[in-house]
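What follows is one structure encoded as structure tokens, with my remarks underneath.
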Amino acid sequence: MMDTRSRLIDTTRRAWLLRAGAGSLALAVPALGIAADVTDDSTYDEAGTLKAATDFFGQTTEGLAQVIAKAFSEQGRPNAFIRGEEVSAAITAGVRYGEGELVMKSGATKKVYWAGPSVGFDLGANASKVFVLVYKLPDVQAIFKRYPGVDGSLYYVGGVGLNYQRLDGVTLAPIRLGAGLRAGASVGYTHYRPEKSLNPL
């Protein structure tokens, strides 16, 4: 009689534990979904990025929407961007100087200056705005390095140019309007600094 009762208690206990485990798992699934949403909150979505770029440039074009869509399809969601202005000039060999503000999705901001040489088929001079998408930047100080341009990454459509710079897992994607006149400037590297300098190297 006692053996039968013990077996019944054990069976009931196992059934209760299984139900409790299933309930905990069901509660954990939405929690995991919430965690994924929190991770997404650390990056910019495509619509918000296009609006920020449009507001910054003061205009929207089909080309701007296309290059941002291309960057998102190839690199994913950025966790920062730089809004800035630059001047550049070249006769085969060129140089570029710029300054702007780095804005991370976390809310951190930092003043940034940059300069860099360029080589290639290039001729002309211009002053322009530049909007840089920044991917996988761990903190604001990590931007201060020399980022080489990625060969063959220049993409130009509808008066808007995009190219990639990459170093140590961080990718920068500068976007410029009217970039076709200075396509060669995408070759070389860009040195991002915390202070202004006339040294392009």
Side-chain angles (χ1 to χ4, degrees), residues 31-58 64-65 67-88 95-118 128-155 160-177 179 185-201:
L32 289 173
I34 292 171
D37 291 340
V38 170
T39 300
D40 286 343
D41 286 344
S42 66
T43 58
Y44 292 98
D45 62 26
E46 185 173 342
T49 300
L50 177 58
K51 183 180 186 307
T54 298
D55 291 345
F56 175 67
F57 285 120
L64 180 59
V67 297
I68 287 178
K70 179 178 177 64
F72 269 77
S73 68
E74 293 179 346
Q75 304 298 326
R77 294 165 57 122
N79 70 328
F81 59 77
I82 299 171
R83 297 174 295 206
E85 298 181 348
E86 61 183 22
V87 294
S88 55
V95 66
R96 178 188 301 278
Y97 295 98
E99 64 179 75
E101 181 182 34
L102 170 68
V103 181
M104 297 193 70
K105 187 62 165 63
S106 64
T109 62
K110 189 74 173 178
K111 186 72 174 179
V112 179
Y113 301 89
W114 62 90
S118 64
S128 62
K129 291 183 175 181
V130 58
F131 190 86
V132 185
L133 304 182
V134 183
Y135 297 88
K136 299 180 181 177
L137 188 72
D139 56 70
V140 293
Q141 295 298 326
I143 195 72
F144 300 125
K145 297 177 181 177
R146 287 184 178 88
Y147 290 84
V150 177
D151 288 342
S153 69
L154 178 66
Y155 178 72
V160 185
L162 165 75
N163 68 289
Y164 296 130
Q165 302 163 348
R166 191 169 293 136
L167 181 70
D168 296 337
V170 177
T171 298
L172 310 182
I175 298 172
R176 300 178 177 90
L177 268 62
S186 66
V187 180
Y189 66 83
T190 304
H191 190 179
Y192 293 84
R193 298 179 169 105
E195 297 177 352
K196 187 178 295 187
S197 173
L198 293 178
N199 181 2
L201 305 177

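Closest heavy-atom contact between Asn163 and Pro174: O-CD, 3.0 Å. Contact between Ala71 and Tyr164 at its shortest, heavy atoms only, is CA-OH, 3.5 Å. Between Lys129 and Phe57 the shortest heavy-atom distance is O-CE2, 3.7 Å.
Note that NZ of Lys51 is 13.0 Å distant from OH of Tyr44, once rounded to the nearest 0.5 Å. Once rounded to the nearest 0.5 Å, the distance linking CD1 of Ile82 with CD1 of Ile143 reads 4.5 Å. For the atom pair Tyr147 OH and Leu172 CG, the distance stands at 5.5 Å (nearest 0.5 Å). Separating the CG atom in Asp139 from the CG atom in Asn79 is a distance of 10.0 Å, to the nearest 0.5 Å. Annotation: the span from Phe72 atom CZ to Asp45 atom CG amounts to 6.5 Å, rounded to 0.5 Å. For the atom pair NZ (Lys145) and CG (Leu167), the distance works out to 5.5 Å, reported to the nearest 0.5 Å.
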Which donor-acceptor pairs under 3.5 Å do side chains of residues 106-115 form with protein atoms, sequence neighbours excluded?
from	atom 1	to	atom 2	distance (Å)
Lys111	NZ	Glu99	OE2	3.4
Trp114	NE1	Glu86	OE1	3.0

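A 4.5 Å side-chain heavy-atom check between Val170 and Pro138 finds at least one atom pair inside the cut-off. Under the 4.5 Å side-chain criterion, counting only non-hydrogen atoms from C-beta, Ile68 is in contact with Glu46. No side-chain heavy atom of Phe144 sits under 4.5 Å from any side-chain heavy atom of Leu102.
Between Phe81 and Phe131, the ring planes lie parallel to each other; the angle is under 30°, not in the 30° to 60° tilted range.
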Should Val134 and Met104 be marked as a side-chain contact (heavy atoms from CB on, under 4.5 Å) after you check the CA-CA gap, both sets of side-chain angles, and the distance that decides it? CA-CA 9 Å; Val134 183; Met104 297 193 70; over 6 Å; no
